[in-house]
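Data first, discussion second: the structure below is written as structure tokens.
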Amino acid sequence: MFYCILAVNTGTPRIKTILVACVGMLVYILPSLCFFMPFRWEEERYTDGVKWKFLEHKGPVFAPPYDPLPSNVKFYYDGKHMKLSSTAEEVATFFAKMLDHEYTTKEVFRKNFYKDWRKEMTSEEKSKITDLNKCDFSEMSEYFKAQSEARKAMTKEDKQKIKEENERILQEYGFCIMDNHKERIANFRIEPPGLFRGRGDHPKMGMLKRRIRPEDIIVNCSKDSKHPKPPPGTKWKEVRHDNKVTWLVSWTENIQGSIKYIMLNPSSRIKGEKDWQKYETARRLKKCVERIRAQYRDDWKSKEMRIRQRAVALYFIDKLALRAGNEKEEGETADTVGCCSLRVEHLTLHQEMDGQEYVVEFDFLGKDSIRYYNKVPVEKRVFKNLQLFMEDKEPEDDLFDRLNTSILNKHLQELMDGLTAKVFRTYNASITLQQQLNEITNSEDNVPAKILSYNRANRAVAILCNHQRAPPKTFEKSMQNLQTKIDAKKEQLADAKRELKMSKYLAVESKKKAVQRIEEQLMKLEVQATDREENKQIALGTSKLNYLDPRISIAWCKKFGIPIEKIYNKTQREKFAWAIDMAEKDFQF
DNA sequence: AAACACACTTAGTATCGGATTC
DNA sequence: GAATCCGATACTAAGTGTGTTT
């Protein structure tokens, strides 16, 4: 409540002064109208990198301490029962919990696990346990399965108790005060210890992710706030007051040595403003993209190799929405690439293919080891350049040997203030949605059909950005179920029509209505089936959440009378509150 | 200019929990 | 009332990009 009033008082409303006064009064009179407060996003913003003036929070929630196994759950080595020390046992349970997973059969995973497990053993255990293959974790594994069954079978009351306890923790630790707002924290729980599961072919899979203690934690808050207290008998590593950053808590993780953070929820002011800013940058690119395109096309002819490489890479980033492709330390992570780090082996050139000239075939693993496979006809000049870049190189050599993301981004910065490689992805995603919506929405359609059009526009973006997913395990089944429903509905419709025909004089109107209703239901089901089928291997969520200017979707909803809830669920509406507040029906990206 | 440190966004998948079906 | 389904949410890995140090 209080922040709304403050928002009114400290805001910098532009042309809405009169409205502010009115809403301000309403806020005093009707506290429930608080969510109505649109002016948060127009509060004064800080300059020179200051992110906040006041920050208060309760610190993180730590993982529960290790709960040793009951004595009847045994570990066997070489067929013989062996009582493990608590520390070694804990690490063993991590492995036991994953026994059903394919991971535990992989050589790298087993090797890494075994190595880290040994570090946690007593010297006696170390001398006894010399071969992972002789370890029998099956009783542990069964025990955890039973536990999870027991949890499912708990009484309603017990489940309710747990729910209430979680809610209490959320209320206590899940929020902070940043400046005048109470904000939701995204991840207030410290990651529990366990075995690292990288994605793809990760060289560190199976390594032990160690337990994080208060002594590992750096707390960030404002000096004049109530500082979070470490658990009794412990100390924080450090308490600092850095208002040039947005995080509340950080620690260093032991697998890659990188820093992990606790930050605010996407619904927060600080994230919302950043998000808005991101789309505004992309809209500025829209204004000069043709100039930039003309420039890189020109640069394909440059005398300098580094400029040609830069120009071809930028063309890929623009046309194909590839990621920038930073260098990665070899052997530390899975072997994945983006544009600048493409290697010769990732491209195949086809002078002619399927009746098209100058086709480039891409095949590489991108972020999260998701495969990017695409055959793209390109301009002759690009093709000739690629031939040149690939000349006299080994498959594992860099395609763009005179280029990296730093060089590329420096160049982009000169073309437009704030321009980096990733802005092209945002820009191309959003402009594609806008164009698709303009093109395929039919104002005559009913609501479900319009939503199908929306999802198709969204899908075009997801395909551009290569947002794939493994088809859900139950995909075929769920399609069948839907088809069964459709068949049933068809029969129902036939019945209803028959009835209508027979009742020429009696209750015709209500029968007509019934037919109409069933027809609508049938159509809804059919649309749903089409949507699901087309979505089999495409994930819409990522682009919706990270690449599409929400104002496009909101304006579209307003223009065509679609309730926003049909497009954005509750969380998404919270994240995009800034856009819901500001987008008018004629907004165009 | 390479290496490093840091902060922050983007990403797919596992799990949860409420709705629906049997 | 159990089983199943499915969207929402939690989780945390894996990127991008900037600024500093060597």
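Because the structure is predicted, anything quoted here is derived from the model rather than measured. Within every chain, numbering begins at 1; the chains are lettered A, B, ... in the order of the sequence lines, protein sequences first and strands thereafter.
Donor-acceptor pairing under 3.5 Å is recorded for the side chains of A/T336 and A/K328.
Distances shown here put a side-chain N or O of A/T542 below 4.0 Å from the OP1 or OP2 atom of B/dG12. A close approach under 4.0 Å does occur between a side-chain nitrogen or oxygen of A/K260 and OP1 or OP2 of C/dA13. Put simply, A/R323 has a side-chain N or O that comes within less than 4.0 Å of OP1 or OP2 on B/dA11. An OP1 or OP2 oxygen of C/dA8 is reached within less than 4.0 angstrom by no side-chain nitrogen or oxygen of A/K570. Residue A/K422 places no side-chain N or O under 4.0 Å from the OP1 or OP2 atom of C/dG15. Put simply, A/K278 has a side-chain N or O that comes within less than 4.0 Å of OP1 or OP2 on B/dT10. Proximity of A/N326 to the phosphate of C/dT16: a side-chain N or O atom is located under 4.0 Å from OP1 or OP2. Side-chain nitrogen and oxygen atoms of A/S250 include none within less than 4.0 Å of the OP1 or OP2 phosphate oxygen of B/dA7. Look at A/T336 and you'll find a side-chain N or O under 4.0 angstrom from OP1 or OP2 of C/dG15. Contact annotation: A/N569 reaches the phosphate of C/dA8 (side-chain N/O to OP1 or OP2, under 4.0 Å). Residue A/K209 has a polar side-chain atom (N or O) positioned under 4.0 Å from OP1 or OP2 of C/dA13. For the pair A/K51 and B/dA7, the criterion of a side-chain N or O lying under 4.0 Å from OP1 or OP2 is not met.
Atom NZ in A/K159 sits 9.5 Å away from atom NZ in A/K152 (nearest 0.5 Å).
Ionic pairing of A/K260 and A/E191 is present here: one or more N-O contacts between side-chain nitrogen and carboxylate oxygen are shorter than 4.0 angstrom.
In this structure, A/P192 reaches the sugar-phosphate backbone alone: every heavy-atom distance under 4.0 Å involves primed, P, OP1 or OP2 atoms, never a base. Among the protein residues, A/T405 comes within range of no part of the nucleic acid, since none of its heavy atoms lies under 4.0 Å from any strand. The residue A/R425 sits close only to the backbone: its heavy atoms come under 4.0 Å of sugar-phosphate atoms, none of a base. Among the protein residues, A/I370 comes within range of the sugar-phosphate backbone only, with heavy atoms under 4.0 Å from sugar or phosphate atoms but none that close to a base. A/G325 comes within 4.0 angstrom of the backbone, heavy atoms only, and of no base. Contact annotation for A/K159: no contact, since no heavy-atom pair falls under 4.0 Å across all strands. At a threshold of 4.0 angstrom between heavy atoms, the contacts of A/A421 are confined to the sugar-phosphate backbone, with no base atom among them.
What separates CG of A/N546 from P of C/dA14 is a distance of 17 Å, to the nearest Å. A/E332 has its CD atom 11 Å from the P atom of B/dC4, to the nearest Å. The CG-C1' distance, from A/L264 to B/dA7, rounds to 14 Å in whole Å. Rounded to a whole Å, the NZ atom of A/K367 is 13 Å from the P atom of B/dT13. Put simply, CG on A/L408 is 17 Å from C1' on B/dA1, counting in whole angstrom units. With rounding to whole Å, A/E327 atom CD is found 14 Å from C/dT18 atom P. Rounded to an integer number of Å, the gap from CG of A/L540 to P of B/dG12 is 11 Å. The distance between atom NZ of A/K410 and atom P of C/dG17, rounded to the nearest whole Å, is 13 Å.
For A/F137 and A/W117, the gap between ring centers is short of 6.0 Å. The aromatic ring centres of A/F362 and A/F316 sit less than 6.0 Å apart.
Within residues 194-204 of chain A, the residues that place at least one heavy atom under 4.0 Å from DNA chain C are, in residue-number order, A/F196, A/R197, A/G198, A/R199, A/H202.
Side-chain proximity of A/K274 to the nucleotides C/dT18, B/dA11, B/dC8 is greatest for B/dC8. In the set B/dC8, C/dA14, B/dA11, B/dA11 carries the atom at the smallest distance from any side-chain atom of A/Y547. Nearest to the side-chain atoms of A/D368 among the listed nucleotides B/dT10, B/dC8, B/dG12 stands B/dG12. Among B/dG12, B/dA14, C/dT12, the nucleotide with an atom closest to any side-chain atom of A/H467 is B/dG12. Distances from the side chain of A/E191 to the nucleotides B/dC8, C/dT12, C/dC11 place C/dT12 closest. Comparing B/dC6, C/dA14, B/dA11 against the side chain of A/I259 picks out B/dC6 as the nearest.
Both the sub-6.0 Å distance and the 45° axial angle are satisfied by A/K182 relative to the ring of A/F175. Cation-pi contact between A/K97 and A/F144: present, with separation from the ring centre below 6.0 Å and deviation from the ring axis of at most 45°.
Annotation: of the two residues near DNA chain B, A/Y103 and A/K163, the 5′-most nearest-nucleotide partner is A/Y103. Between A/N409 and A/E253, the residue whose closest nucleotide on DNA chain C is further toward the 5' end is A/E253. Comparing A/K244 and A/C465 by the nucleotide of DNA chain B that holds the closest heavy atom to each, the one mapping nearer the 5' end is A/K244.
Within 6.0 Å of atom CG in A/D201, 12 or fewer heavy atoms from other residues, nucleotides or ligands are found, so the atom counts as exposed in its surroundings. Residue A/Q147 places its CD atom among more than 12 non-hydrogen atoms of other residues, nucleotides or ligands, all under 6.0 Å distant. By the 6.0 Å contact criterion, CD on A/E491 is open, its count of non-hydrogen atoms from other residues, nucleotides or ligands being 12 or less.
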